[in-house]
Number of protein chains: 2
Amino acid sequence: MRVKSRSEEVVNAIGKDIVNGVISPGERLPKVEELSEDYGVSRTVMREALQGLAARKIIRANQRSGTVVLPRNEWQLWDLSVMSWLSESEQRNEKFLLDLTEVRLGLEPDAAALAAKNATEEEKAKITACFERLEQTLDDPKAWAAADYDFHLSIIEATNNQLMAGLLKLLHKGLILSREKTVTSLNEHTELQQEQPTTEILNRHRNLYEAVISGDAEQAKSVMTDMILRVRQLIEATQEQQI
Amino acid sequence: MRVKSRSEEVVNAIGKDIVNGVISPGERLPKVEELSEDYGVSRTVMREALQGLAARKIIRANQRSGTVVLPRNEWQLWDLSVMSWLSESEQRNEKFLLDLTEVRLGLEPDAAALAAKNATEEEKAKITACFERLEQTLDDPKAWAAADYDFHLSIIEATNNQLMAGLLKLLHKGLILSREKTVTSLNEHTELQQEQPTTEILNRHRNLYEAVISGDAEQAKSVMTDMILRVRQLIEATQEQQI
DNA sequence: AATTATTTGTCCGTATGTATG
DNA sequence: CCATACATACGGACAAATAAT
């Protein structure tokens, strides 16, 4: 298990505070010396932490005038740490989930089409292995969720477009984070959040799988679109139930 | 003018070296003391720089066993610094441009549709102002390029989806970086790289503009798709000419 | 299983640079 | 143009982790 360094811990602590509005955009942070006292770390560690936040465009340091929180639209949202802070944030977690799904809807069908067109034999073998794992874990929701993740990943990685693959990998991790949070916050509805694996869903995956393997880009795109639309409906339905 | 700190300079220097293969994934970096000597900075600064690279998942530091370069697929490509290193990289800059365009093709038509559906009056006014600037700069390619950027941005920001907006903003910046590099590396073909503003192109923008303002999501999506496809053809044509 | 060597991680005293009032 | 307040930079010391012996 990887141990977090102190600067990482501080990055997370301050990052969460900013996301949750404890410190708002435009406001100034205390000076480094104070901050390091507040968090019980040395100035060195605090400076490294601030640099970590600056790299994510959460803050900007200015000599003499101090370090300020940048406006929200500057933040580097496509960063796993930032996403985890957002998904843990109390407010509007569902909006975050829907926004992610919107992006997913734009990209993943295209990614599936690219995979159908570009996948090498090696990549196809990996996709096949992942699909077979899906078939075998139909009765174990937890194992199925993991297998589902890997299945989608194997398709994403076959796109031969690293930019798209990197993005979708991050997106899927964000989806998991966000779903985890939603599930734990209202565990009465757990069955709804965790997509229940059924033979019907497996068949959808089979359609996608066969389209990709046979190189049918149009079909792969269309099946993927339907799959994501279904997930979105599920999210929206759960949301309404919350009211 | 903003002055770069030393650690930022070092981040860029090492980042570029890694992207250009001077140091390859899996390889170990010299220890901090050596590095700080090599680059003529203190260990403090070097540590901050390494933290900046670690935040972008370019490297990982391990106690005792040293700091290693992570595999390419771990890199945080959706980061302006990383994109700038990639676009300056000699090798396969065109692939980078095409990959970006692929992602753009997935997202921006959807973004246009969302903007048509969700834009507030205020946002529509901004889009209108940007479009009028386009009309006025038809005879000045440089001013037109800037106006074109702002026009697309004004639509992106009207999506009411911060995740998508942040992504597309980054993507457009990446496109500009990459195009700049391509243009300077082969300035014989400048006319081809820089899309020449014509009344026909303006009319395409007008179609997009009117679709968004009138709330016709389908039309907005379709026009945007056509526009990006044209750009892609242009890139591919220029590429073939290079051979 | 215990020891050592190597490298990152942490702390702090001090000095310099820079934008603001 | 000066003073002030802050970030930035330096370097020596020590702590912690872990690969090698």
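Protein chains get the first letters and strands the later ones, always in sequence-line order, with residue 1 at the start of each. Predicted model, so just to flag it, every value in this text is computed and none were measured.
- In this structure, the CD atom of B:Glu9 is 13 Å from the P atom of D:dT8, given to the nearest Å.
- Contacts of B:Glu27 classified as salt bridge (charged side-chain N to carboxylate O under 4.0 Å, His left out), with partners at least two apart in sequence or in another chain: none.
- Here B:Glu135 pairs with B:Arg206 under the salt bridge (charged side-chain N to carboxylate O under 4.0 Å, His left out) rule; sequence neighbours left out.
- Comparing A:Glu33 and A:Ser7 against DNA chain C, the residue whose closest nucleotide sits nearer the 5' end is A:Ser7.
- Among all heavy-atom pairs drawn from B:Ile23 and B:Val69, the shortest one is CG2-CG2, 3.8 Å.
- Neither side chain, B:Glu157 nor B:His152, offers a donor N or O lying under 3.5 Å from an acceptor on the other.
- Using cut-offs of 30° and 60° on the angle between ring planes, the pair A:Phe131 and A:Tyr209 is parallel.
- Residues of residues 37-58 of chain A having a heavy atom closer than 4.0 Å to DNA chain D, listed by number: A:Arg43, A:Arg47.
- Heavy-atom minimum distance, A:Ala158 versus A:Ile127: CB-CD1, 4.2 Å.
- Among residues at least two apart or in separate chains, side chain to side chain donor-acceptor pair (under 3.5 Å) pairs with a member in residues 64-78 of chain A are A:Arg72-B:Gln162.
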Please enumerate all protein N or O atoms sitting under 3.5 Å from an N or O of nucleotides 19-21 of chain D, with distances to 0.1 Å.
unit_1, atom_1, unit_2, atom_2, d
D:dA19, N3, B:Arg64, NH1, 3.4

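- The side chain to side chain donor-acceptor pair (under 3.5 Å) test applied to A:Trp85 returns A:Asn12, not counting sequence neighbours.
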